[in-house]
Structures are given as structure tokens and as C-alpha cells.
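Notes to accompany the following structure.
These numbers come from the heavy atoms of this one structure, side chains and all, not from hydrogens, waters or symmetry mates. In this text the structure is predicted, and so the values were computed from the model without any measurement.
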Amino acid sequence: MQLLRNDSLLAVVSVHFRSALPWVLPILRDHPSSVLSRVYIYECGVGLLDNAIKAHPRVTLLDKGGALATADHFSSWFDLINRLYDNLPRYLLFLHEHDIGYHRHIPTRALVQKCVALIRWVPVQFVNVGDAVVNTWLKATPRVGGCRTMASRIAIEWHQLRHLLSREGFTETATPPQVVYELFGAEALVHRCRIRQRTRDAWQKLANASRAVVLHSNMNYALEGSFHHVMGEPWARPFVVTNRRRIKHTTCDKRRIKAKKPDRLMWDGMSELSLRTNLLMFRNTTDMPIKTLADTMLC
């Protein structure tokens, strides 16, 4: 099939549940259509959405109402990939609806600016835009400090996940990963070449399966831990492993996470996105040479 040429740099996709999405109009004002072509919002029909957002010519509202309102947000992201597959912009930025949260301290407007600056400098394939690594993503044991580890969550769902994650020319192993080394939060900047490593039918299969996944279920968390792998990254991401002393770590604490206190969990300037942009802007090559970005060059 002849894929259409789409010269726009970036499109953003999110889900609207309760948040007012205060960042949508500012990012559209900041960037022309040649840079930010469109913001896609999957509307759950629960909270109110500003009429100015609804009416904006570069906003597309897609239905996620009814029974799908409480379905996993990955279903929306995979659905959009399926819709845009033949005409993808160079990058898709997958974001939650909040401006900041317990897993991301940088406001969305500033985050989009950083993403645009980064991809103008170097053609990265995948960047997790979260802020920290949680210790439950580093261990192979069933639990750490009362929290179930990501490896154990994935192992519980592996029979289904294995078939979902396998793609044309690549089959997942019979045994689940022993450890998952990645930032948590599952918000990411992804190049279209990564997306097209899977067929359109494969993305449709992922969308269909994730519609049945309930938020905060074990499968929901297992998909979060698998999101980078769905996008072609190894379970233990080289960038995170290489820069593990630079990216901040935090300990799983159910009470703290539920309280959603970003000031106790976040560290400005220590995320993967900040490390990558700082490297490019200031050419600080003493401890982290540019060759560490070799794994991110375009396919």
C-alpha cells in the first residue's frame, strides 16, 4: 500500500475524562500547524470540556463514551494509530489528560516545547516523557515494600500479553521478562517508523483487546509496563539503564501515590526528556557523550 506523505512534525493524542485540559489551547497557540498538526481528544462524556477547545479547527474529538468511558486509555491510543496509520505525522505524542501528575512534574505546555526542540535537533525514535523510575520496575521479586512489581504483573497476564505483543516477523518468548527497566507513567513521544513496525491489523487487535481492560486492573498496569515494548523498545531500555544514576528513582508507596503529591515524587531536570534536551542544547559531553543516542536514530 502506498503510504501518504504527511510533512507535519507532531500530533498529540489524549483522553478527556474529568480534567478541563487547560494545556490544549496554549500548545496550539505556541506551534503552527506545520509543527503541531492536530490534537486528538477521546471524549468520555463525563467532565465538561471548554467550547473553545471543541470548536478549534485543529482539535479532533473522538468518541470514548458509554461503556468505553472507563476502559483503558490505551484503547484510544491504539485506535488512533489504526485510524492514522496510512497518514501519520512524523511523531505522535501520547499524553494523559492532566497537566502535571504524580509521574510527571513538567507542565504539558513546557513538555511539548521540549519535545519539539528535541526532535528538531535529533531524530529520536522513542522518548518516555515521565519523570522517574519506580523501584517496582527494577525487581524480579513478586513484591517490593507491599507493592506488586511490574515484572510480576506482566507475568500474571503473560499468556494474553504474549500474543498481543507478538507481531509479524517477531514472536514473544514463552517466558515473561524478568525485569522491566523503564520510567513509569506510559506517556511517550514516538516516531512513526516505530509505529509502522506493526501492521495496521496488529494495532487494531491491540485496540480491540484493550477496550475490555478496566482502569487500575492488573492488566491495565501490565499494559503500562509493556507500552515501551509495544513501541519497539527492549524490556530494559538502554537509555534508562545507561543513565540510571542521572534519572531519579522513587520507592513505591501506595499512600503517597494515591495522595498524588508531585512535590514529593518529582525532580525537575532529571527526566529522560530533560537529559536528552540538555545534552543537545548545552553539549555537555563530559559524562554522557552523544554516542549514547546512537540507539535512537531513525530506521
Side-chain angles (χ1 to χ4, degrees), residues 10-15 72-74 77-78 81 90-108 110-119 121-138 150-151 153-154 165 177 179-195 197 220-250 252 257 262 265-280 288 292-297:
L10 177 70
V12 172
V13 55
S14 188
V15 172
D72 193 298
H73 61 274
F74 293 112
W77 294 358
F78 300 151
I81 289 173
R90 272 188 275 169
Y91 288 89
L92 285 179
L93 179 57
F94 299 92
L95 295 177
H96 297 170
E97 67 172 353
H98 54 65
D99 195 22
I100 61 171
Y102 66 90
H103 58 84
R104 173 165 61 81
H105 179 63
I106 181 172
T108 301
L111 182 145
V112 173
Q113 291 171 342
K114 279 179 176 280
C115 286
V116 170
L118 175 63
I119 59 186
W121 275 96
V122 63
V124 292
Q125 291 186 16
F126 179 93
V127 179
N128 187 316
V129 297
D131 279 354
V133 178
V134 182
N135 65 337
T136 53
W137 291 52
L138 311 177
M150 182 53 69
R153 290 188 182 280
I154 289 173
L165 300 181
V179 65
V180 179
Y181 216 122
E182 165 67 321
L183 281 74
F184 72 130
E187 294 183 296
L189 177 70
V190 185
H191 193 278
R192 64 186 170 199
C193 69
R194 283 295 182 87
I195 291 171
Q197 287 179 355
N220 177 213
Y221 293 120
L223 274 174
E224 179 182 349
S226 304
F227 184 68
H228 66 291
H229 193 64
V230 171
M231 296 299 176
E233 292 289 297
W235 289 107
R237 288 189 58 223
F239 188 93
V240 181
V241 173
T242 300
N243 297 286
R244 58 187 178 275
R245 293 183 179 178
R246 295 173 177 268
I247 298 173
K248 285 294 185 179
H249 293 59
T250 187
C252 177
I257 287 176
L265 281 174
M266 299 302 116
W267 297 266
D268 186 30
M270 300 300 289
S271 66
E272 176 182 353
L273 182 59
S274 292
L275 287 173
R276 288 185 184 273
T277 51
N278 289 345
L279 170 65
L280 294 165
M288 191 169 61
T292 60
L293 292 177
D295 65 301
T296 69
M297 299 308 289

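- For T242 (side chain) and F239 (main-chain N/O), no donor-acceptor pair under 3.5 Å exists by modelled atom type.
- Here the CD1 atom belonging to I119 is positioned 14.0 Å from the NZ atom belonging to K114, to the nearest 0.5 angstrom.
- Between the side chain of T136 and the backbone N or O of M150, no donor-acceptor pair lies under 3.5 Å.
- Of all the heavy atoms in C115 and V129, the pair that sits closest is SG-CG1, 4.1 Å.
- In this structure, the separation between CG on L92 and CD1 on I195 is 4.0 Å, given to the nearest 0.5 Å.
- The closest side-chain heavy-atom distance from R192 to Y91 is not below 4.5 Å.
- Side chain of H96 to main chain of G185: a donor-acceptor pair is present (N/O by atom type, distance under 3.5 Å, no hydrogens or angles).
- Of the possible polar contacts, none joining the N220 side chain to the D72 backbone as a donor-acceptor pair under 3.5 Å is found.
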| request: Apply side chain to side chain contact (heavy atoms under 4.5 Å, CB included) to the pair S226 and I154, showing each step before the final yes or no. | output: CA-CA 8 Å; S226 304; I154 289 173; 3.9 Å; yes

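- Ring pair F94/F74: centre-to-centre distance not below 6.0 Å.
- Contact of the H98 side chain with the R104 side chain is registered, since non-hydrogen atoms from C-beta on lie closer than 4.5 Å.
- Every residue was checked against the ring pair (Phe, Tyr, Trp, His ring centres under 6.0 Å) condition with Y181, not counting sequence neighbours, and none meets it.
- At distances below 3.5 Å, at least one donor-acceptor pair connects side-chain atoms of E272 with backbone N or O atoms of N128.
- Side-chain N or O atoms of D99 include one that pairs as donor or acceptor with a backbone N or O of T108 at under 3.5 Å.
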| request: Step by step, work out the side chain to side chain contact (heavy atoms under 4.5 Å, CB included) result for H103 and D131. | output: CA-CA 6 Å; H103 58 84; D131 279 354; over 6 Å; no

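- Classified by interplanar angle (parallel below 30°, tilted 30° to 60°, perpendicular above 60°), the ring pair H228/W235 is perpendicular.
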| message | Quick one, V116 with L10, criterion side chain to side chain contact (heavy atoms under 4.5 Å, CB included). Give me CA distance, side-chain angles, the key distance, then yes/no. | response | CA-CA 8 Å; V116 170; L10 177 70; 4.1 Å; yes

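- A distance of 11.0 Å separates CE in M231 from CG in L189, rounded to the nearest 0.5 Å.
- Distance check: E182 CD to H229 NE2 gives 12.0 Å after rounding to the nearest 0.5 Å.
- Salt bridge annotation for E224-R153: absent, with no cationic side-chain nitrogen under 4.0 angstrom from a carboxylate oxygen.
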| said: Walk me through whether R244 and V133 qualify under side chain to side chain contact (heavy atoms under 4.5 Å, CB included). | reply: CA-CA 9 Å; R244 58 187 178 275; V133 178; over 6 Å; no

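- Between the H191 side chain and the C193 main chain, a donor and an acceptor come within less than 3.5 Å of each other.
- Side-chain atoms of R246 do not come within 3.5 Å of backbone N or O of N243 as any donor-acceptor pair.
- Listed for the S271 side chain is a donor-acceptor partner under 3.5 Å among the backbone atoms of S274.
- A side-chain contact (heavy atoms from CB on, under 4.5 Å) with E187 is found for exactly one of L273, L93, L111, L95, namely L95.
- To the nearest 0.5 angstrom, F227 atom CZ is 16.0 Å from F184 atom CZ.
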